Number of protein chains: 2
Amino acid sequence: MPDDAAGESAAPGRTIRMRDVARAAGVSTMTVSRALSSPEKVSEEVRRRVEAAVSAIGYVPNRLAGNLSSSRSDVVGLIVPSLENSLFSSTIQGIATVLRRNGYQLMVADCGYSQADEEALIAAFLEQRVAGLVLHNTSHSPRAREMIRRAGVPVVENGTLVDDPLDMVVSYSNEGAARAMTLHLARLGYRRLGFVCLPTATNDRSVARQRGYRAALREAGLPLDPALMLEMPPGLGAGAEAVVRLAEEPGRADAIFFAGDVMAIGALFECQRRGWAVPGRVGIAAFDDFELLGHTVPTVTTLRLPRLEIGRRSAQVLLDRIQGRSTGKLVVDLKFEIIHREST
Amino acid sequence: MPDDAAGESAAPGRTIRMRDVARAAGVSTMTVSRALSSPEKVSEEVRRRVEAAVSAIGYVPNRLAGNLSSSRSDVVGLIVPSLENSLFSSTIQGIATVLRRNGYQLMVADCGYSQADEEALIAAFLEQRVAGLVLHNTSHSPRAREMIRRAGVPVVENGTLVDDPLDMVVSYSNEGAARAMTLHLARLGYRRLGFVCLPTATNDRSVARQRGYRAALREAGLPLDPALMLEMPPGLGAGAEAVVRLAEEPGRADAIFFAGDVMAIGALFECQRRGWAVPGRVGIAAFDDFELLGHTVPTVTTLRLPRLEIGRRSAQVLLDRIQGRSTGKLVVDLKFEIIHREST
DNA sequence: TTGTACGCGTTATCAG
DNA sequence: CTGATAACGCGTACAA
């Protein structure tokens, strides 16, 4: 077969189908299909002819057709509250990497902390016939739960460990982490522990963290002072405002645990600006393992959370189910770790 | 038609097809199809019957089948160098939002700054028959270019303004931005301007920024001192190292322009650690508009880049092409802006 | 090892 | 406005 097609310049006009490859290789489409998806079931000779034909005519398989025909799917859907929040980035990265290594693709969307939007997105993904779903949120509208149940798709939730998971869960304990950090601060001798978190109304994680803080105070025998607790919107500015509100008057908080987003960083900068010694005047602890927190002056005590690993494991357990290597509900509790640094 | 199906709890067993809806509504599948995708072409009466049937039996359309049948696609593919880098997050957000508002879904992948990986991902996306592609990188393997050309899919590149775009470009001028900032520093009276960027070998943007720096020095009549130029890997640590190498001995750089990633922040923290006054001992300028840079002490001079807008516009021009509202190559040059702050 | 017949679930086309 | 019929491009199931 003369093959000057290497650098060929066919017009983007007509779609090339499997039958074109079949014709060029002198076999049936079925043989082409096999040569491409299970080369071992085809003779050496034929395999080479098919490969040659494929690259000669520049054939690109149509997975839509393949998936429709086999009633399978090689796409997984992911819904996070926000694509802009860098905290979710490592999880996304972990998921994408593991999926791709296994020949799956990832579809992403953000639901902006809204259950209604999440429901719409779940519907959209089910219409795409995703093989599985990863949801960051752990509370869902009844209709969403119902759609998922009826579709029978495997689901992984990974925002926090939940009591009644839809299906599988891969996460860490937000409550446990908040409790551990609070106890850590108490053990360091702080007595008036401020606590700042994101709005609990729309955020399961915040609720759990607040619960952990409260539990730790009880265990440590410290009083719960509502004046020391704040809910703030995300952002650096909120952190700055919070530290002022909680630590301006002498005799208020002697340390503040910022249980969300980048608030601790905003607070630290505000202290620098005002010349407040950290931890001299007020100790600061954060919740997330931004690389940044290890470089600031002073470096900031925080929790190391398994964000990347959550992504990887989520993808893995999902694939295990999709490919039939596992069944039934599953809860994977990944570890967190306290990183003690200069700010406390 | 008796309809007690509202809260029904069918087993996730059998797939519900359009014909099931058709039967329940007493019409043909074609009418169901029309009632769902162009309701105006169907009688009021029939439309309601179909809608009722759909929600009664819990029908979820199969887009794979629809796309296959109509030879269309409602999925767009996006390839970024890294999903973990928060700089890309706003762009992703912008793309996703505009796409979703128009009924399209987004598939994402990261190619880790490798052309070979990008090529593989492009192939994978073409197999999924994406309706369009958004690529952050602007240099591609010959095979990648060829595949794209033959597939005839619309493509938007958005890493930097390119000379010979594959198709459409939505970006800002990395060269122009670097030039503008360098001139800005010269105008402020700095004379020994250090320049730090990411490795130029694998990064188009870095090359362009370096070009801008050089051009600005010429224009300002300042000598180009190779000892003041550094290429560093991404990260806070690299910034810290760079500032020490360029500004430790008195008489070296009097200001440093960090043209990439978070290096400027790492440098600033290192200065704090060493007690170096910024800008007293050394001025610092950054390239990206991390919110953080407006909150540090001192706040950091930087460029405001239209990351979110790049995402939105990329999606828009792509949709315009996909839906036939435009043809031909297109270059959209979005503006950047210098934010002068305390660090210079 | 290879091929044939049929179906995957939808939409385009054209007739009524 | 509605319906019958034929694709869309491929994989499953079986037969050769």
Side-chain angles (χ1 to χ4, degrees), chain A residues 13-51 53-54 57-75 103 124 126-131 151-152 324, chain B residues 13-51 53-54 57-75 103 124 126-131 151:
Chain A
R14 206 181 50 75
T15 322
I16 296 169
R17 301 185 300 297
M18 200 180 251
R19 56 189 308 171
D20 301 315
V21 178
R23 197 171 304 137
V27 294
S28 72
T29 61
M30 203 47 236
T31 299
V32 175
S33 175
R34 277 192 280 254
L36 294 179
S37 43
S38 26
E40 74 283 0
K41 310 186 94 180
V42 136
S43 77
E44 182 70 16
E45 151 77 10
V46 164
R47 193 166 52 63
R48 269 207 311 275
R49 284 219 311 272
V50 170
E51 279 167 7
V54 164
I57 37 186
Y59 169 66
V60 177
N62 184 332
R63 300 252 182 203
L64 264 57
N67 288 342
L68 178 61
S69 175
S70 60
S71 311
R72 272 185 254 117
S73 163
D74 54 1
V75 176
L126 292 181
E127 294 186 0
Q128 300 288 345
R129 292 299 187 267
V130 292
Chain B
R14 207 181 49 75
T15 322
I16 295 169
R17 302 188 296 300
M18 199 179 253
R19 59 188 309 169
D20 301 315
V21 178
R23 196 171 305 138
V27 294
S28 72
T29 62
M30 203 48 235
T31 298
V32 175
S33 176
R34 277 191 279 252
L36 294 179
S37 42
S38 25
E40 75 283 0
K41 310 187 93 180
V42 137
S43 76
E44 182 69 16
E45 152 76 9
V46 164
R47 192 165 52 65
R48 271 207 310 275
R49 284 220 312 271
V50 170
E51 277 167 8
V54 164
I57 43 185
Y59 168 65
V60 177
N62 184 334
R63 300 251 183 205
L64 265 56
N67 288 342
L68 178 61
S69 177
S70 61
S71 311
R72 271 185 256 117
S73 165
D74 54 1
V75 175
L126 292 180
E127 295 186 1
Q128 301 286 345
R129 291 300 185 268
V130 292

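Order of the sequence lines fixes the chain letters, A, B, ..., with proteins taken first and strands second; residue numbering starts at 1 for each chain. The figures here come from the full heavy-atom set of this structure, side chains too, leaving out hydrogens, waters and symmetry mates. These numbers were taken from a predicted model, which means no experiment stands behind them.
Note that the two end axes of the helix from C:dT1-D:dA16 to C:dG16-D:dC1 enclose an angle of 30°, each drawn from 5 base pairs, rounded to 10 degrees.
Atoms OG and CG, on B:Ser69 and B:Asn62 in that order, are 11.0 Å from each other to the nearest 0.5 Å. In this structure, A:Asn67 CG and B:Glu127 CD are separated by 10.5 Å, a value rounded to the nearest 0.5 Å. Between the CZ atom in A:Arg63 and the CG atom in A:Leu68 there is a gap of 14.5 Å [rounded to 0.5 Å].
The shortest heavy-atom contact between A:Ala53 and A:Ala24 is CB-CB, 3.9 Å. Closest non-hydrogen pair, B:Val42 versus B:Ala35, comes out as CG2-N, 4.0 Å. When all heavy atoms of B:Arg49 and B:Val27 are compared, the pair lying nearest together is NH2-CG1, 3.5 Å. Of all non-hydrogen atoms in A:Ile57 and A:Ile16, the two that sit nearest each other are O-CD1, 3.0 Å. B:Val54 and B:Leu36 get closest at one heavy-atom pair: CG2-CD2, 4.2 Å. Nearest approach of A:Thr29 to A:Arg19, heavy atoms of both residues: CG2-CA, 3.6 Å.
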All N/O contacts under 3.5 Å from nucleotides 10-12 of chain C to the protein, with atom names and distances to one decimal?
{"unit_1": "C:dT10", "atom_1": "OP1", "unit_2": "B:Tyr59", "atom_2": "OH", "d": "2.2"}
{"unit_1": "C:dT10", "atom_1": "OP1", "unit_2": "B:Asn62", "atom_2": "N", "d": "3.2"}
{"unit_1": "C:dT10", "atom_1": "OP2", "unit_2": "B:Met18", "atom_2": "N", "d": "2.5"}
{"unit_1": "C:dT10", "atom_1": "O2", "unit_2": "B:Ser69", "atom_2": "OG", "d": "2.7"}
{"unit_1": "C:dT11", "atom_1": "OP2", "unit_2": "B:Ser33", "atom_2": "OG", "d": "2.4"}
{"unit_1": "C:dT11", "atom_1": "O4'", "unit_2": "B:Ser69", "atom_2": "OG", "d": "2.7"}
{"unit_1": "C:dT11", "atom_1": "O2", "unit_2": "B:Ser69", "atom_2": "OG", "d": "3.3"}
{"unit_1": "C:dA12", "atom_1": "OP1", "unit_2": "B:Arg72", "atom_2": "NH2", "d": "2.5"}

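Applying the salt bridge (charged side-chain N to carboxylate O under 4.0 Å, His left out) test to pairs two or more places apart or on separate chains, none has a residue in residues 33-43 of chain A.
With a cutoff of under 4.0 Å to any heavy atom of chain B, the contacted region of DNA chain D is bounded 5' to 3' by D:dC1 to D:dG9.
Counting heavy atoms from C-beta on, the side chains of B:Gln128 and B:Val75 never come closer than 4.5 Å.
A:Thr31 has a side-chain polar atom (N or O) that falls below the 4.0 Å cut-off from OP1 or OP2 of C:dG3.
The side-chain hydrogen bond (donor to acceptor under 3.5 Å, both in side chains) test applied to B:Arg47 returns B:Glu44, B:Glu51, not counting sequence neighbours.
Within residues 40-47 of chain B, no residue has any heavy atom closer than 4.0 Å to DNA chain C.
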